[in-house]
Amino acid sequence: MSTVRPKVVVVGAGFGGLAAAQALKGADVDITMIDKRNHHLFQPLLYQVATASLSPADIAAPIRAILSKNRNTRVLLDRVVGIDSVNGQVLLGSGAPVSYDWLILATGARHSYFGRDDWAEHAPGIKTIEDATAVRRKVLLALERAETETGKARRHALLTFVVIGGGPTGVEMAGAIAELARKAVSRDFRSITPHCSRVILVEGGSRLLAAFPESLSAKAKTQIEKLGVEVMLDARVTAVGPDFVEVGGERIAAHTAIWAAGVQASPAATWLGAEADRAGKVNVGADLRVAGHENVFAIGDTSSCMGPAGRPLPGVAPVAKQQGRFVAEAIKARIAGRKPPAAFRYRDYGNLATIGRRAAVIDFGRIRMSGFAAWLLWSVAHIWFLVGFRSRLAVALTWVWNYLTFARSARLITGEIK
Ligand SMILES: Cc1cc2nc3c(=O)[nH]c(=O)nc-3n(C[C@H](O)[C@H](O)[C@H](O)COP(=O)(O)OP(=O)(O)OC[C@H]3O[C@@H](n4cnc5c(N)ncnc54)[C@H](O)[C@@H]3O)c2cc1C
């Protein structure tokens, strides 16, 4: 006699969704994992793809391959466009609706331009492989064009790079561009010298890395300035165009601008008609369920969950992963008739951010570090958490090689030149 097993649908194979699916491996449920992309992406290293240090395949792995050993899991490549919560169905862009008994929404977030979406064209953010390779193309093309440009002002604009947003991504991007534009390329180009390029990091607040203690913010500023990055604090971007960025009304001629400020959640709240915060994140209860939807959980960047200090938990990978494991346990307990865990508790192991290829800042609470030792720790942590043995090995070897030679193995401009 066949028994019908509970159906769990996970939407999004990012950090949260994947952790949930892995924790449900072997459980007495049928899981459907739906993602609009065929790969899981290690976003913390995207900036290295954008600055030609790593290749896309080093930081992404096919979802099907990751979950191939989970016999209770099938993978669908499709875009979720809505949820019919009355009939318990997930609506897809191209396939037939998928029924669920339990639904885990882990669809992440994108960048937000704070109502100025017209800036996106000129100041792209990095969230996907396509974003990162588009930025890589923009940065490398600017260098190529500068090599032959004879007009002084135009050449200056081509060699000016503005990164908007002084959080970890902005600091990492600015540091990596400075190393690429000021050091790595000078060997391969004939007219660009290390001093030709200008990298500017613009932050609206009074310090970089606002989530870190002030002492580490100050160290990060010193370290990034040593790489030649100009840091502008308390500086608001007022306009962005094809070859300029306006900061506080002052125009900076710059061919390349990169957006690293602000996030906007996926439309999960709209699909459910649920309450959301200002960034569109679904408000969830302490057990990560969405109010009014007892069998729907929202986790990671697409949800807003209050932390112990009454502040929402940060949008970082460890929160998403721990929430994924938590909801898997909650579902297993409910199915087994056990009492589910009452409230999600985030274990914060600390914050890390890197500055170029020889410095980082680390905040482990009582232990704070900066400089080269912190960078080594940052490298080990990032390699450790990469999915897949091939990726780990490839990234470790590439970093050692880059470190010794300043080579940029992935310095490829894809697509034709106009
Ligand atoms: C450039 C960058 C650097 C970062 N650096 C760090 C760092 O150093 N440390 C850190 O802890 N965090 C970092 N983060 C944040 C971290 O990556 C996120 O907090 C984390 O990815 C959130 O996990 P998630 O599972 O909620 O969403 P994601 O990992 O974003 O996954 C969402 C998944 O949902 C899928 N999806 C979205 N919409 C749909 C749809 N409609 N239908 C089907 N599938 C859909 C997407 O394709 C994706 O696979 C960084 C983020 C970025 C962008």
Side-chain angles (χ1 to χ4, degrees), residues 9-21 32-51 59-63 66 75-83 90-95 98 104-112 124-132 135 163 165 167-173 176 209 211 258-268 270-271 281-282 288 297-305 313-324 327 346 348-354 360-362 378 381-382 385 387:
V9 174
V10 184
V11 187
F15 287 104
L18 211 51
T32 304
M33 166 63 83
I34 308 170
D35 202 296
K36 62 183 177 181
R37 297 180 183 277
N38 88 326
H39 54 266
H40 167 76
L41 178 62
F42 193 80
Q43 291 170 18
L45 291 179
L46 260 181
Y47 79 96
Q48 295 214 349
V49 173
T51 51
I59 63 160
I63 298 163
I66 299 170
V75 176
L76 294 187
L77 175 66
D78 213 325
R79 174 189 293 273
V80 170
V81 292
I83 291 163
V90 173
L91 311 176
L92 303 180
S94 50
V98 180
I104 303 171
L105 293 171
T107 37
R110 273 203 70 81
H111 14 261
S112 153
I126 51 163
K127 182 72 187 169
T128 62
I129 291 282
E130 292 89 323
D131 294 339
V135 167
V163 179
T169 302
V171 168
E172 288 168 356
M173 256 326 272
L209 303 177
I258 293 150
W259 190 261
V263 289
Q264 177 68 37
S266 78
T270 316
W271 297 335
K281 297 179 173 204
V282 191
L288 307 183
F297 296 89
I299 60 172
D301 280 9
T302 204
S303 74
S304 174
C305 172
L313 293 175
V316 292
V319 170
K321 281 181 171 180
Q322 290 177 32
Q323 290 185 330
V327 297
Y346 173 49
D348 187 354
Y349 295 106
N351 262 337
L352 296 80
T354 183
V361 288
I362 292 184
W378 173 91
H382 281 69
F385 288 116
V387 170

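Whatever order the structure lists ligands and atoms in, that order sets their numbers, starting from 1. The model shown is predicted, which means the values in this text are computed figures rather than measured ones. Side-chain atoms are counted along with the backbone in the values below, which use heavy atoms only and exclude waters and symmetry mates.
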- What is the nearest protein non-hydrogen atom to atom 25 (O) of ligand 1, stated with its residue, atom name and distance? Gly16 N, 2.8 Å

- Item | Options Lys36, His39, Gln43, ranked by nearest heavy atom to atom 45 (C) of ligand 1, top entry | Lys36

- Message: So for ligand 1, is Phe15 a polar contact partner (N or O within less than 3.5 Å, distance only)?
- Response: yes

- Query: Counting each atom of ligand 1 from 1 as listed, which ones have a heavy atom of Trp271 under 4.0 Å away?
  - Reply: 41 (N)

- Message: Pairs of nitrogen or oxygen atoms closer than 3.5 Å, one from Asp35 and one from ligand 1: do any exist?
- Response: yes

- Closest candidate by heavy atom, reference atom 1 (C) of ligand 1, pool Ile126, Val49, Val319: Ile126

- Message: Considering non-hydrogen atoms of the protein only, which is the closest contact for atom 26 (O) of ligand 1, and what is the distance?
- Response: Asp301 N, 2.8 Å

- Note on the structure: If you scan protein heavy atoms around atom 10 (C) of ligand 1, the nearest is Ala317 N, 3.6 Å

- Message: Please classify the Asp78 to ligand 1 contact at 4.0 Å (heavy-atom distances, strictly less than): side chain, backbone, both or neither.
- Response: backbone

- Task: Could you find the nearest protein heavy atom to atom 41 (N) of ligand 1 and give me its residue, atom name and distance?
- Result: Val80 O, 3.1 Å

- Message: Could you tell me, atom by atom, which parts of ligand 1 come under 4.0 Å of a heavy atom of Gly300?
- Response: 26 (O)

- Mind checking whether Trp378 contacts ligand 1 via backbone (N, CA, C, O), side chain (CB onward), both or neither, at a 4.0 Å heavy-atom cut-off? neither

- Message: I'd like to check the ring-ring contact (aromatic ring centres under 6.0 Å, His included) partners of Phe297; sequence neighbours left out, ordered by chain and number.
- Response: none

- Are any of the N/O atoms in Ser266 less than 3.5 Å from those in ligand 1? no

- Polar-atom distance check: Arg79 versus ligand 1, any N or O pair below 3.5 Å? no

